[in-house]
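Here the structure is laid out as structure tokens; the discussion comes afterwards.
The model shown is predicted, which means the values in this text are computed figures rather than measured ones.
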Amino acid sequence: MSSAGHGYAGAPLAGPNPGARSETWLWIAQRASAALLGLCVLVHLVTIIYAVRHGLSGEAILARTRGNGVALAFYMLYVLAIAVHAPIGLRTLCHEWLGWRSASLNWFIAALALALFAFGLRAGWAVFLAPV
Amino acid sequence: MKMLHVSVWRGGAGGEYRSYEVPRQESQSVLDVVTYIQRNIDPTLSYRFACRVGMCGACAMTVNGVARWTCRTHVAKVVKDDAIQIAPLANFPVVKDLVTDMREFFDKWARARGQFVPCATRRDAFAQVAADSPGRVAANAGIECIGCGVCYASCDVVSWNPDYLGPAALNRAWTLVNDVRDGARRERLAAVAGDAGCHACHTHLSCSERCPKDITPTASIAGLKRAVAVAALKGEL
Ligand code: SF4
Ligand code: SF4
Ligand code: FES
């Protein structure tokens, strides 16, 4: 991007906008993960309602998830969507409500995303490997 | 004679409201009221207007808490119990009384690359833009902006984030993004991206609700978000 502007006399020229690319990619990630979440939440809700309606016990549910690659893949996707979506939204909240805009915020948000992903993975993995 | 109880902001940021009694008239506009005060009660009252017919965008003020163009706002529409309160526009620094400093507002138009950048020479033929082409239709929707600042005064994001370019500047950028004669699309999209630009908009629609010209800056900003995303995906940002 060229920083030579076409400003009116006296008006500040449009200088380089360093955040343009990263903010746009965050926005795209936020929108894409939202679309994915819409689908995942729906499947998740249907699963819960099914389990409740059929009075499935914890053991009966684990019997279905144990070694179930499809369920594991689905929940990995779900966890990924959450780990992308939630931290980006929280970052905006921190900008606007707390005025926190320094680089430390990005580190905090990245750590949060990793933590969410790790905890989600652990949970998904646990029901996949559930001991008999 | 029926009187109107008018409370008007006097002074700078640390000023106060003062009360005036103004004769009520038929088809009276809020600008008429302010003008009456200045001509008949207190000549030191400062305010701004030019056209009186909704074209110049100079006369916007906060009337009973809502940003409006005062020359085309009838008293009858806003009066409550024979009283109105008139203040300078929110989100603008107050110079004095009802006059605000609009420099930052218009500097943001420049920062959003609100200037048309021609790319043809005198040897090129005139551009032919079909009236029903999608770009022309999109530009048309936002082109009648009079720069009054009502949208900017009504936007919460502007009050939270002073760097936010705001609805008017972004709407202007969107009309140019849709102008096939313009040669700075890429630079403009880069200028309006990010958390001081289109991505900061919360789609509150206050700007669109209040715009006296019935423009929908929210839609323009949504258009910019799409155009910026497409540019990013193509590696053109
Ligand atoms: S729609 Fe966007 S620009 Fe308009 S008032 Fe809301 S946040 Fe501001
Ligand atoms: S978009 Fe509407 S409210 Fe905003 S400056 Fe233009 S005319 Fe005024
Ligand atoms: S005086 Fe020109 S728009 Fe009101």
Side-chain angles (χ1 to χ4, degrees), chain A residues 1-39 80-81 84-110 112-113, chain B residues 102-119 156-165 169 172-173 176 182-202 204 221-222 224-237:
Chain A
M1 190 192 126
S2 110
S3 65
H6 303 267
Y8 303 120
L13 300 176
N17 178 5
R21 206 169 296 146
S22 55
E23 296 292 331
T24 302
W25 279 109
L26 284 175
W27 182 83
I28 293 172
Q30 176 94 348
R31 284 300 161 104
S33 58
L36 200 57
L37 274 178
L39 189 77
L80 183 70
V84 170
H85 191 84
I88 300 176
L90 194 68
R91 180 174 173 271
T92 304
L93 280 177
C94 290
H95 277 174
E96 287 178 357
W97 290 22
L98 307 178
W100 187 6
R101 291 172 169 275
S102 53
S104 59
L105 174 63
N106 291 335
W107 287 110
F108 168 71
I109 290 298
L112 182 78
Chain B
M102 303 198 64
R103 272 179 298 184
E104 175 70 359
F105 173 71
F106 285 114
D107 283 353
K108 284 177 174 177
W109 288 46
R111 248 177 272 155
R113 299 223 155 206
Q115 312 89 342
F116 172 63
V117 180
C119 55
D156 285 338
V157 177
V158 173
S159 54
W160 299 333
N161 178 0
D163 290 333
Y164 179 42
L165 294 171
R172 169 67 183 161
L176 289 171
D182 181 89
R185 180 189 168 92
R186 217 171 149 152
E187 291 85 345
R188 189 170 296 109
L189 288 179
V192 301
D195 71 346
C198 62
H199 294 116
C201 170
H202 281 238
H204 286 157
I221 295 168
L224 285 177
K225 286 179 184 169
R226 284 193 303 275
V228 166
V230 170
L233 291 168
K234 285 189 186 162
E236 289 175 358
L237 203 61

Structural part of Leu233(B) lying under 4.5 Å from a heavy atom of chain A:
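Both the backbone and the side chain of Leu233(B) come within 4.5 Å of chain A.
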Show the nearest heavy-atom pair for residues Thr24(A) and Ala193(B), with the distance to one decimal.
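Taking Thr24(A) first and Ala193(B) second, the nearest heavy atoms are OG1-CB, 3.5 Å.
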Heavy-atom pair with the smallest gap, counting every atom of Ala232(B) and Ile28(A):
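Heavy atoms only, the tightest pair is CB-CD1, 4.1 Å.
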Tell me whether Asp195(B) contacts the main-chain N or O of Glu23(A) through its side chain, where contact means a donor paired with an acceptor under 3.5 Å.
no
Could you measure the distance from the CZ atom of Arg31(A) to the NZ atom of Lys225(B)? Nearest 0.5 Å is fine.
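Result: 5.5 Å between the selected atoms.
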In sequence, state the C-alpha distance, the side-chain angles, and the governing distance for Asp163(B) and Arg101(A), and then conclude on side-chain contact (heavy atoms from CB on, under 4.5 Å).
CA-CA 12 Å; Asp163(B) 290 333; Arg101(A) 291 172 169 275; 5.9 Å; no
Under the rule for ring pair (Phe, Tyr, Trp, His ring centres under 6.0 Å), what residues qualify as partners of His199(B), not counting sequence neighbours?
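With sequence neighbours excluded, His199(B) shows a ring pair (Phe, Tyr, Trp, His ring centres under 6.0 Å) to Trp27(A), given in chain and number order.
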